[in-house]
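These notes are about the structure you will find just below.
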Amino acid sequence: TITSRFTDIVAGLRGKKITEGNVKETVRAIRVALLEADVALPVVKSFVKKVSDKALGLEVVEGVDAGQLFVKIVQDELTELMGPVDPEIPFRNKGPTVILLAGLQGSGKTTTCAKLAKLLRDKKERRPLMVAADLQRPAAIEQLKVLGKQLDIPVFHEPDLAPPKLCERAVEEAQRLGCDTVLLDTAGRLHIDEALMGELKDVAKKTKPDQIFLVCDAMTGQDAVNSAKEFNETLELTGLILTKLDGDARGGAALSVKHITGKTIKFIGTGEKLDRLEPFHPDRMASRILG
Amino acid sequence: QLVSGKLDDDALEEIEASLIQADFGPRVALELTDALRDAYKGKEFKQEELIPFLKTRLSAILGEPEGIRWADSGTTVILVTGVNGTGKTTSIAKLAKSFQLSGKKVLVAAGDTFRAAAVEQLGIWGERLGIEMVRGEENADPAAVVFDAIDIAQKDEYDVLLIDTAGRLHTQTNLMNQLEKVYRVIQKRFPEAPHEVLQVLDATTGQNAIRQATEFKKSVNVTGLVLTKLDGTAKGGVIFPILREVQLPVKYIGVGEGVDDLQVFDPKKFVAALFG
Ligand SMILES: Nc1nc2c(ncn2[C@@H]2O[C@H](COP(=O)(O)OP(=O)(O)OP(=O)(O)O)[C@@H](O)[C@H]2O)c(=O)[nH]1
Ligand SMILES: Nc1nc2c(ncn2[C@@H]2O[C@H](COP(=O)(O)OP(=O)(O)OP(=O)(O)O)[C@@H](O)[C@H]2O)c(=O)[nH]1
Ligand SMILES: [Mg+2]
Ligand SMILES: [Mg+2]
């Protein structure tokens with residue numbers, strides 16, 4: 001981890017000035033640490049270039065050692081790249097606010113849908129309606145209905161409607177039910193599945209979501225940039241949610257998806273229970289990635 | 001594009017990059033490119049030789065494919081484990097169908113007694129395939145479900161019992177303890193069992209897969225891996241750093257959400273796909 005190698009290199013820089021030579025060595029250690037943390041290679045490359053440019057461009061103040069300076073530069077740069085802190089969801093003045101959740105299979109969309117509905121009701125006094133629009137996974141509709149029952153939050157589903165029409169109906173129904181926030185739980189899909197990505201586009205066309213969140217598994221490896229890029233180009237994402245951060249994955253995927261989409265990481269999932277959704281803290285994530 | 005000639009740093013860096021992006025991790029990627037550099041030191045190489053060199057080396061690491069360890073007599077018990085959302089339940093449906101097609105009498109145990117609609121999900125697969133499923137009370141102790149399933153498997157002479165478990169992170173001590181208890185119950189009821197403990201790994205997972213494999217192996221003696229979602233763009237190269245830490249054969253790969261989207265692991269095909 002960067003703690004073992006980074007601090008060794010950094011310790012070796014004690015009392016020294018920043019030179020091209022020691023920047024190069026330190027940058028090599030950072031690169032390994034970030035790759036082991038699953039930050040995507042192109043993102044690592046651009047990050048280390050930034051860090052080394054910054055380090056070389058610095059006026060070294062008397063008495064400050066190169067090692068300390070490096071730690072600060074890396075930490076600060078990473079925190080800044082991961083930010084901003086913005087868990088707020090702007091709500092519509094007229095009509096229901098529509099939130100669409102999308103992502104790869106098994107990333108945690110259905111669970112996150114329920115967590116978000118709970119958070120919006122309990123903390124923002126919203127009246128949410130969850131929509132079971134995954135028609136393909138066995139018992140997906142049942143899964144959302146069970147979660148809705150646990151939370152006492154209504155779940156909409158109408159048989160014989162394809163997801164775009166189903167979601168459109170749901171938004172109409174929300175008005176009728178007096179619900180002011182609609183959360184669309186969609187089927188997991190591959191970013192390379194043209195038909196299913198097209199279906200997602202149709203859902204967005206029909207419901208004009210106010211928020212479109214990509215739900216990503218925090219333990220995702222190098223592939224995170226591929227899927228995030230594709231989802232972002234297909235739908236104009238408004239935010240990212242990272243799940244399963246209660247594990248010990250370093251979570252480099254967070255930097256990858258942030259960097260490739262430019263969208264804010266709004267929340268993180270930190271457990272299976274429905275109260276385990278927290279606002280994202282870039283500084284904590286930065287420390288975690290650095291190990 | 002690699003050009004035949006001296007193996008220069010640019011060419012090696014390109015190869016190292018593609019290995020890293022396939023989730024080999026920086027250390028194993030560097031080892032492989034160093035091996036390549038040493039092999040071609042001072043020699044002229046033909047571009048067409050590089051990839052085959054790597055393929056040969058990687059196939060050697062993967063070894064020969066290993067099938068399921070069937071019981072000598074009685075029911076073969078297969079415990080399926082893994083972290084959340086990797087594809088355990090879906091893989092069990094695929095395995096059940098495959099065994100059924102080869103003439104085996106298959107029983108499935110709905111050992112995920114916790115997650116919303118987990119039993120229903122497996123139940124739907126069971127119905128579609130015409131396969132018997134053992135289920136317990138809602139929120140029952142999974143060990144109790146497994147206990148019942150083993151009794152039924154032995155009494156009604158099933159050839160194979162597939163046990164589904166709840167997803168769990170290896171960092172959740174109480175859940176790993178729960179899994180260990182299930183394992184002990186199996187061992188107690190059935191001395192040779194479980195004959196297989198299959199850890200399901202999602203091919204999109206990065207270096208954390210190494211932790212998953214080693215921790216689950218420590219807990220419940222994993223005997224094989226199922227690598228899912230290889231129909232996506234992830235290459236599953238993390239299998240190589242895993243094999244550094246622990247000897248675990250990949251037995252199957254998942255290549256889609258349908259019940260037929262399961263393939264017996266073919267090391268040559270897998271390695272070829274890494275460079276595809
Ligand atoms: N530990 C942990 N588990 C989570 C978290 N979020 C979701 N899960 C679990 O991950 C698994 C998959 O979650 P789902 O909500 O079914 O994922 P999904 O994206 O809806 O899956 P598909 O609809 O099949 O694409 C379940 O076992 C969840 O309980 C989290 O933050 N932490
Ligand atoms: N594309 C693709 N999707 C898969 C594959 N295997 C499973 N899935 C999908 O991944 C999602 C999760 O699968 P599950 O079988 O529910 O995973 P699980 O490990 O049982 O999940 P938990 O019990 O919640 O931990 C579902 O949407 C599956 O259809 C695969 O090989 N390829
Ligand atoms: Mg779902
Ligand atoms: Mg399951």
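Both backbone and side-chain heavy atoms feed into the values below; hydrogens, waters and symmetry mates do not. Order of the sequence lines fixes the chain letters, A, B, ..., with proteins taken first and strands second; residue numbering starts at 1 for each chain.
Looking at B:Glu127, neither its backbone nor its side chain comes within 4.5 Å of chain A, counting heavy atoms on both sides. Residue B:Val238 does not touch chain A at all, counting heavy-atom pairs closer than 4.5 Å. If you measure heavy-atom distances from A:Glu272 to chain B, the contacts under 4.5 Å come from the side chain alone. With a 4.5 Å cut-off on non-hydrogen atoms, A:Ala249 touches chain B through its backbone and its side chain both.
Per-residue heavy-atom pair counts under 4.5 Å with chain B were compared for A:Ala218, A:Gly221, A:Ala253, A:Ser227, and the maximum is reached by A:Gly221. By number of non-hydrogen pairs under 4.5 angstrom with chain A, the leading residue of B:Ala117, B:Pro26, B:Ala93, B:Gly85 is B:Pro26.
Side-chain atoms of B:Thr171 and A:Asp248 include no donor-acceptor pair closer than 3.5 Å. In the model, B:Gln121 has no side-chain atom that pairs as donor or acceptor with a side-chain atom of A:Gln143 under 3.5 Å.
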What verdict does the side-chain contact (heavy atoms from CB on, under 4.5 Å) test give for A:Asp223 and B:Lys235, after you've listed the backbone C-alpha separation in whole Å, the side-chain angles of each residue and the deciding distance to 0.1 Å?
CA-CA 8 Å; A:Asp223 196 54; B:Lys235 302 281 183 155; over 6 Å; no

Can A:Asp217 and B:Thr204 be said to form a side-chain contact (heavy atoms from CB on, under 4.5 Å), step by step?
CA-CA 9 Å; A:Asp217 191 325; B:Thr204 64; over 6 Å; no

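Note that the CG atom of B:Asp202 and the OG atom of A:Ser107 stand 10.0 Å from one another [nearest 0.5 Å]. Here the CD-CG distance, from B:Gln21 to A:Asn226, works out to 8.0 Å after rounding to the nearest 0.5 Å.
Here the side chains of B:Thr205 and A:Thr220 are not in contact, with every heavy-atom distance at 4.5 Å or above. Within the 4.5 Å cutoff, no side-chain heavy atoms of B:Thr233 are placed close to those of A:Glu230. B:Val83 has its side chain within reach of A:Met219: a pair of non-hydrogen atoms, C-beta onward, lies under 4.5 Å apart. Contact annotation: the side chain of A:Pro138 never approaches that of B:Glu120 to less than 4.5 Å [non-hydrogen atoms, C-beta and beyond]. In this structure, A:Arg137 and B:Thr89 have side chains that are not in contact, with every pair of non-hydrogen atoms separated by 4.5 Å or more.
Other residues, nucleotides and ligands contribute over 12 non-hydrogen atoms within 6.0 Å of the NZ atom of A:Lys263. In this structure, B:Asp38 places its CG atom where more than 12 heavy-atom neighbours from other residues, nucleotides or ligands lie under 6.0 Å away. For A:Asp152, the CG atom counts as loosely surrounded, since its 6.0 Å shell holds 12 or fewer non-hydrogen atoms of other residues, nucleotides or ligands. More than 12 heavy atoms of other shown residues, nucleotides or ligands fall within 6.0 angstrom of atom CZ in B:Arg128.
Checking side-chain atoms of A:Asp38 against main-chain N and O of B:Gln207 turns up a donor-acceptor pair under 3.5 Å. A donor-acceptor pair under 3.5 Å links the side-chain atoms of B:Asp23 to the main chain of A:Gln222, judged by distance alone.
The residues B:Arg27 and A:Glu36 are annotated as salt-bridged, a charged nitrogen and a carboxylate oxygen being separated by less than 4.0 angstrom.
When all heavy atoms of B:Lys229 and A:Gln105 are compared, the closest pair comes out as NZ-O, 3.0 Å.
Listed in order of number, the residues of residues 188-196 of chain A that approach chain B to under 4.5 Å between heavy atoms are A:Gly188, A:Leu190, A:His191, A:Ile192.
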